[in-house]
Each structure stands twice: as C-alpha cells, then as structure tokens.
Amino acid sequence: MFKEILKHPFFFIVSILLHVILATLLLFSLDYQNPMPMQEKVSVMQAMVVDEAKVQQAMRELDDAEEKKRQSLADNQKRLDDQERRAEEAKRKRQAEERRLKDAEAKRKREQQAALQAEKKRKIEEQAKLKAEAEKKRSQEAQKQAEQAKAKADAERKRLQEAQRQAELAKQKAEDDARKAEEAKLQADREKKRIEEQRLKEEEAARRAAESDRMRQQLEAEQQALAAERARKVQTEVDRYQSLIKQKVMSKWLRPVNSSDELRCVVRVKIAPGGLVLIAEVVESSGNPVFDRSVEVAVRSAEPLPLPADASMFEQFREIRFVFEPKGQLN
Amino acid sequence: MTIEITQGVSGALPIAIVPFGSAPNVLLSQGDNPSDIVQADLIRSGRFKSVDNKDFITQPHEGHEVNFRDWRLLDVPYLLIGKVSSGEEGMFDIQFQLFDVFKSEQMEGVILRNVEKSRLRSAAHQISDLVYEVLTGEKGAFSTRIMYVVVEPKPSGRHLYSLQVADIDGHNPKKILTSSEPMMSPSWSPNGEWVAYVSYEHDGSSAIFVQEISTGQRRVVSKQPGINGAPAWSPDGKRLAITLSKGSNPDIYILDLASDTLQRITKSYAIDTEPSWAPDGESLVFTSDRGGNPHIYQYGFASGKIKRLTYEGRYNARASFSPDGRFLTFIHRPDKRFNVAVMTLSSGELQILSDGRLDESPSFSPNGSMIIYATEDDNRGVLAAVSVDGSVKQRLAMQEGDIREPAWAPFNR
C-alpha cells in the first residue's frame, strides 16, 4: 500500500484532496457555523532536467516533494481524523444544538445570522471551491507539467541511459577489445611463456641430461678410479707379498757352490692358506739334481710363505711358479 | 703367479748328524764313532754346517724312529742317522740313512758290511763321500790321501826327512821314504800310484825320483848338473814338467818318462820354475821373475807362447790348477806375509784364503772343494786346509815334526 502510494503520489494526493473537499463540503453542509480552516496546499516542483545530474537532482527533488507530500498527507490524515473526531463532536453538538434550537427559538436570529454567515461562508466556499478547482486545474497542469517533465526526464534519462548504455557498450566493447587484446596479449604471452617454458624445460632437460650424463660419467670414472685404486692396492699388496715370498725363498736358497750360471729350474708350488707348502714339484729340471733339490729345499724351507692377511687375495697365491735362474756368481 | 729367484745365499748346507747308535757289544773309542768322523769331514769341506746335537729333540738311529716334524722345527733340511752293529769275526756293520727333511724322504741308505776295526775311519770317510756326493752332486774327496814331507830333529843334531802319505784328516800316516838328506816337491801321478819328488840323497845334489807307492820301487829320472827340481806329472802320466838349471838360470823342461828325452820350454835369463799342468794338458803355468818380481806365467803348447797371468802384488808363486781348470791357487804376498790365494782365470779376480805368516804349497783337493797347504805354527810347519770359498779353515791333526809341502792325491782309481 505504501509502495503503491509511493508509486503514485499524485493520485494519492488528489484522492486525499478529494476526501478533504468532500469532508469539508460535508462539514459545511452540516455545520456552517464551524468552518474549518483551509490548510492544505500542495506544490509541485517544476524541473527541467538537462543532464543526468539534473535528472538525478530533479528526481531527488521530486522524491523530496513526494516526501513532503506524504508528510502533509499524513498531517492531513491526522487533521482529517481530527476533523472527523470534531465532526463527530459537532454532530453531537449539532444534535445537542438542534435539541437546543428546538428548545430555544430565541436563537433563531442567531440562526439567521448564521444563515447569513453560512451564505457568506458559502460564498467563501464557492470561492474556495473555485479556488480549489483552479488549484485542481493548476495542480493538474503541474501534474501534467510534472509528467511531461518526468517524461522528458524519463526520455532524457532513457537517452542518457541509452547513451550510458552506448557508452557502456562502447566501453564494454573497448573493454572487450582491450580484454581481447589483453587476452590475445596474454595468450601471446602465455604462448611465449609456454614456448619459453618449453625451451627452458628442454634446456633444463638437456642440462639435466647433460648433468646426469656428466654425473654418470663422473661416477663411472670414480668407480673406475676406485676399482683401479682397489686393484692397485690389491696389486700393491700382492706385489708386496710376492716380494716377501721372493725374499724369503732367496734367503733360504743355498745355491750350490760351483753351480753353473746357465742352470734354470722351475718349481710349481701349491700353497695352502697359512702359507703351507702342499706340493713343490720340479716341472722344469735344470738337469742338475743338486741344483733342483736346492731349489725345492729353498721353497719348502721357506714355509710358511708370507701371505696377505686378506683371504680374498689368496687365490693369486694358491699356485706359484718359482723360476730359479741365478744371475751372476755367488760371492 | 710366477716368482723369479735370481739370487740365493752362499753358505754351508745345514745338516743334522745324529751320533750313530752302537750295539752294546760294540765299543767305540772316543772320536771313533763314524758319525764324528763324517761330521768333521763334512764341516771341513766348507760346504756343510752341522746343527748342534744339543738341540735335537730325538736321537733316532733308524728310519722308523724319525719324526720329520722335529727336524723341520730346527729348520734343517738334511738328516743323517746310522748305527754300528757287530758283524762277522769281530768286524762291524755300519748302516747309515740320509733324509730330506722337508720332503720326508730317504735320499740314501747304505750298510757297509764287515768293516775291520782298523778300517772304521776309512769307512766313515766313505760315508762322508757318499753323503757329500748326494748332497752336492760332486764327488767327495774324503777318502783320498795327502802326501807331505816331515822333518824331524834327531838327537844327533841332524834331521830325519820322511815322505809320508796319510788320510786327508791326517790320520793313518805312512812313511814311504825316509832319508837323512832333504827331500822336497812331492808330486802325485794322475793315477795316484806313483810319486815324483826331489831328493838330495845322492852326494848332496838334487835328483828327481819316481816311486811306486805300493811297492816302494823307484828310479832316478833326472840328475842334471845344477838344479833338478819341481817335478809335475802331466795329466796323461807320461811326462814330467821339471826345472833344470844345467849350471845356468833355471828353465822349464818336459821330460818324457818313457824315452827319457827332454824338451825345453822356457829360455830366459830369469828364473823359471815350479811348473804345473793344466788339467787338459795343453798348457803349463810356472813361476818366473822375468818381470823383476816372481809372477805366474802360462805356456801354451800349441802356440809356444808365454802369457803373464798375475799382476797383483809383488810376489806370486807356486801355482797349480783346480781340477776343473777354472781356478789357480798360488802363494800371494799381500804385504809381509805369504798367503794362499785363488784366482779365477776367466776374470783374473784374486781371493786370499789363508792368513798365516808363511803359508806355502797350496794344492786343490781332487774335487776342487778344498785346498791344502802348509803353514807355520809355533815355528813348526803344520798342514792346514781351507775351503775354496775361504769359509772354513782347519789345521790337520798331525804328529810331531815340521811338516812341509803337502800334495793332495787324485781320486783313487
């Protein structure tokens, strides 16, 4: 209801006015002796809106006017209520008066005067009525003007809205274009970035591959170096013990006196862990039994042959060929 | 794995010789145990060293008693055990066994049956020869003999000279000639049956004799005016190289024993003496002072040329060859002394083996392992032997007398 009122403030105001007039007329018709003061006055702002701001201003002013109207309507209502209440009272009074008139003929003069007064009042009422009509007409005119203004404002607003819409469309389009351009740019950037990333990725992959290659090679090299190192250590150890065995056998070899430098004897020796000589057999005789035996005795009496503590190296010592080949004369 | 051994150590072979056991009815006098004689022989050769028998864990006499581990603990590669038991008619049986300790094998085992008591030492030398030959591959010379001159003072103030033959350890000496006149330069014939020597028994002048040892029969082969000296048998036993002065400077001649003909080898104004044959008979060495001092020279029969062999020192004399012809031994004078030296002919390298004040007459054992020579001890001549490497020197046990000019016999044939 209130929304309806807000929607159609003019009609509401008009209806109120009509109510007021009717009530007034009723009042006057009932009791001319108690004329009610004219209080209601509705003004309508005329507004020419040339731009949005003005439209807005106008609308705000309209709203203000409507608010004022609403306020005045509320006041009127209150007053109407008061009037009704007073009319009720007047009615009671009138009834009382009528009773009093009936009772008191004396008051007929005053009634005449009242009639005159009423006539005067009627004239005034007439004037008021004319004035109201003029007012009504003016109000209608104002309303019309307001409507026109409103229409104009609406049109203007519409135009503005359209312009705004156009502007917004343009803006939208521009924005779309910009966005599209942006998107294209982004797309391009993304593509570029993707390509760059791809390139980086490939580079990274290549780098990693190279790195891993390098690492692998390095690892291999290190392993090889380690293996070589171990082999070298093993070899060093083997060499060391080979040398120790050689020294021990040499220290045990009592080379026969007067034995020729030409003699050469090969003994194959099978060795048990711990350096024990299992078998020592002459596989290539020097042809000189004493020389051969000296060699055999040297090997056997060198027992236990020094062997590395590392059992894994034992394999290399399991069988040893001793080549006895004297170089130079005995001292 | 192959290990090359290019050097060994020089030195004597360790051998454990367990005193031979003897049956209760066999009484051996001190030093007569064959094992003692064998041990002395082997050690004297310079090729062996014995392990002190105080270290022996067991004293086996027969193979089944041997625990090789005991001997391996002593790190001794060879073990000799044996026993003497009674044989027929008061004679002895001598058994010995030689073991390779590391191989746990017997290398030699022999029983010498029915050995007379007087032959016990010879039997022991025979064992020494066998052991020596098995272990060194060379023939042992322990059963060979030596010959030497003994000068004994007589109560009359004169001297008694004798030519004696003994075992190489000086035991069992036998006089093959005695004389009141000097005798010198004994020389064995190659077969060991004859001896040549110089004697002054005829009118106090020198003559060269050859004598058969077994019979004592002898004859004069050279009695030239002047010096008749230093006979040396040729390897074929048919000739003697001798020194003759014939009233002039001594020179070297070859005397053919069958024909009594002389061939002059040297002709110089110097003294040429002390000839000695090379084993191959193709050359002689002799002492000459043709260079001012006595040195050793070599004469080649094929070339007729003379070559100087020694340059070291100012005195080198009395040379003789080793049996294999590779070495010479002679007296070298390093300072004021006269010592036995060995020279390697191929290199000219000289090694001095003895250390006496006046050592003389070195001569190789027939196996070349030792050299016997005469040396001075308390102003008395004694015999000594040295191993060719100089490692072992030993005086030989001899009876009284001044002993000179030893000569080592060839192998018995």
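Sequence lines set the chain letters: A, B, ... in the order given, protein chains first and strands last, and positions in each chain run from 1.
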K.L.:
Is B:Q351 close to chain A through its backbone or its side chain, or both, or neither, when contacts mean heavy atoms under 4.5 Å?
P.N.:
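Contact with chain A: none, neither part.
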K.L.:
Using a cut-off of under 4.5 Å on heavy-atom pairs, state which of B:T344, B:D100, B:L135, B:V134 scores highest against chain A.
P.N.:
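If we count pairs closer than 4.5 Å to chain A, B:L135 comes out on top.
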K.L.:
Hey, are A:E162 and A:Q166 close enough side-chain-wise for a donor-acceptor pair under 3.5 Å?
P.N.:
yes
K.L.:
Quick one: what part of B:T2 sits under 4.5 Å from any heavy atom of chain A, side chain, backbone, both or neither?
P.N.:
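Answer is both: backbone and side chain atoms of B:T2 are under 4.5 Å from chain A.
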K.L.:
How far apart are the closest heavy atoms of B:S50 and B:Q39, and which atoms are they?
P.N.:
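Closest pair (atom of B:S50, atom of B:Q39, distance): OG-NE2, 3.2 Å.
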K.L.:
Is A:Q316 in contact with chain B via its backbone, its side chain, both, or neither, using a 4.5 Å heavy-atom distance?
P.N.:
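Looking at A:Q316, backbone and side chain both touch chain B.
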K.L.:
Do B:K139 and B:Y132 meet the cation-pi criteria used here (NZ or CZ under 6.0 Å from the six-membered ring centre, within 45° of the axis)?
P.N.:
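Pair B:K139/B:Y132 does not count as cation-pi.
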K.L.:
Does any heavy atom of chain B fall under 4.5 Å from the side chain of A:E296, the backbone, both, or neither of them?
P.N.:
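For A:E296, the side chain is the part near chain B, not the backbone.
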K.L.:
For B:W71 together with B:Y78, are the ring centres under 6.0 Å from each other?
P.N.:
no
K.L.:
For A:Q218 and A:R214, test the side chains for any donor-to-acceptor distance below 3.5 angstrom and give the result as yes or no.
P.N.:
yes
